[in-house]
Protein chains: 2
Amino acid sequence: MDRVTIPDIVVGRLPLYLRTLQLMLSEGRQVTSSQELGERLGISAAQIRKDLSQFGEFGKQGTGYSIEFLTDQLRSILHVDKIWDMVVVGAGDIGHAISRYLGFSNRGFRVALVFDNETAKIGQKIGDFVIHDIANLPSMVQKANIQVAMLAVPASQAQVVTDILVKNGVRAILNYAPINLNVPKGVYVQYTDPVVHLQRMSFYLESMND
Amino acid sequence: MDRVTIPDIVVGRLPLYLRTLQLMLSEGRQVTSSQELGERLGISAAQIRKDLSQFGEFGKQGTGYSIEFLTDQLRSILHVDKIWDMVVVGAGDIGHAISRYLGFSNRGFRVALVFDNETAKIGQKIGDFVIHDIANLPSMVQKANIQVAMLAVPASQAQVVTDILVKNGVRAILNYAPINLNVPKGVYVQYTDPVVHLQRMSFYLESMND
DNA sequence: TAGATTGTTAATCGATTAACAATC
DNA sequence: TAGATTGTTAATCGATTAACAATC
């Protein structure tokens, strides 16, 4: 095997390319170019061509890219040409919102199980999902062979729940709690904290009374 | 003025430093080092010192950083030593979750107004907030002098709503819709799309049946 | 004094861009 | 054929790291 490793920063852009291509597809478009993609995304055309060239040759000189073909290729590269079952841990406001979110299924994911540790919530429903006791998480997650989790518990519980998830086979965690997680090698974590994004913008905003 | 511009990638790390420092503060800690911060965040100590040095000298040789002092400095640098009023547009599941999120206020933000365009929702309440008619957004946002928005409308409406927000003085938008927005210079957009994060991880996951 | 850690410089590493031959 | 756009190379640009004098 002589495969080169793909820079993580390139991997991070692929979902954006895919999202834009799928939007174009829904607009009925058939062909695009690195230039058009770049304009839509605020990325240079050269960078898009360079990124794609890491995986093969998907375009035609003079013509550009078949949107459908490139979409299929990216879905395959990102392993979203299948549907990944996910577990949601934490049935608060965020857990509710992501359990009911309709935007997952056509992009490679679906919620399969929802857990919480509050007795008052266990047995209740969120949409079609019953909220299960987190005590049953190990057996249920193992049985369903689930590898992807969304973590929507308070920060104080995020690490313990993470350890349980990892022990039972979860290898990708999208963490909504505002805290850094420790995971072993081979487990992937992505963070989503609205305040981090907001503070990144407020840096550039002038306070009124400065 | 001879000020050097700060690389955006550095700005993006400051909220992570601040978040970790505030956590340490809540643990009752008084002093930390670039090494400890780095270990918690998975960032090199040298990088943290380099980043901070863009703004001044905040540490003591041999000792490290006063957590409280560095926290205050970062809050000032990021302009979160005040509270920014925010507007939430879209009162669906995501709008609900962010309107009720309790984690904003101690980190520099608070929800001030919530809007939707569905007549059935207008007048209803989310926690303490009345859902207002989006037709009233221009006057209300201008009157309250709101510069920060969270956008939780369907992708198909995200750009029109953005244009309205920008026209009425909003300069920072956290976009929950899975679509790229066009904004004029001087307006900042941050994106949060769970599927982008998930796909970034599924790239590294092996499909079962490969 | 000895140990620890900063702030900063210079070296290294990696990512982006510009340019162009190839070719549809 | 003329125009357009790819894939790729080399040059440029920027970010990270290693190392260390300064000093608490």
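Throughout, a chain's letter reflects where its sequence line sits, starting with A, and its residues are numbered from 1. None of these values were measured; they are calculated from a predicted model.
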**OP:** Would you indicate which nucleotide in dA18(C), dA15(D), dT9(C) comes nearest to any side-chain atom of Lys50(B)?
**Re:** dT9(C)
Original post:
OP1 or OP2 of dA4(D) less than 4.0 angstrom from a side-chain nitrogen or oxygen of Tyr65(A), does that happen here?
Top reply: no
Subject >> Thr63(B) side chain near dT5(C) phosphate (N/O to OP1/OP2, under 4.0 Å) >> reply: no
Original post:
How close or far is atom C1' of dT6(D) from atom CZ of Phe69(A), stated in whole angstroms?
Top reply: 14 Å
Subject >> Validation row: Ile83(B), Phe109(B) side chains within 4.5 angstrom (heavy atoms) >> reply: no
Original post:
At under 4.0 Å, does any side-chain N or O of Arg49(B) touch on OP1 or OP2 of dG7(C)?
Top reply: no
Original post:
What is the distance, rounded to the nearest whole Å, between atom CZ of Phe58(A) and atom C1' of dT23(C)?
Top reply: 19 Å
**OP:** For the residue pair Asp163(A) and Gln159(A), confirm or rule out a side-chain donor-acceptor distance under 3.5 Å.
**Re:** yes
Original post:
Between Asp51(A) and Tyr17(A), is any side-chain donor less than 3.5 angstrom from a side-chain acceptor?
Top reply: yes
Subject >> Most 5' of Gln61(A) and Asp51(A) on DNA chain C, judged by nearest nucleotide >> reply: Asp51(A)
**OP:** Starting at atom CD of Gln54(B), determine the distance to atom P of dG14(D), rounded to an integer number of angstrom.
**Re:** 13 Å
Subject >> Closest to side chain of Ser33(A), choosing from dT6(D), dT17(C), dG7(C) >> reply: dT6(D)
Subject >> dT16(D) OP1/OP2 closer than 4.0 Å to side-chain N/O of Gln47(B) >> reply: yes
**OP:** Please check the phosphate of dT6(C) (OP1 and OP2 only) for any side-chain N or O of Ser34(B) closer than 4.0 Å.
**Re:** yes
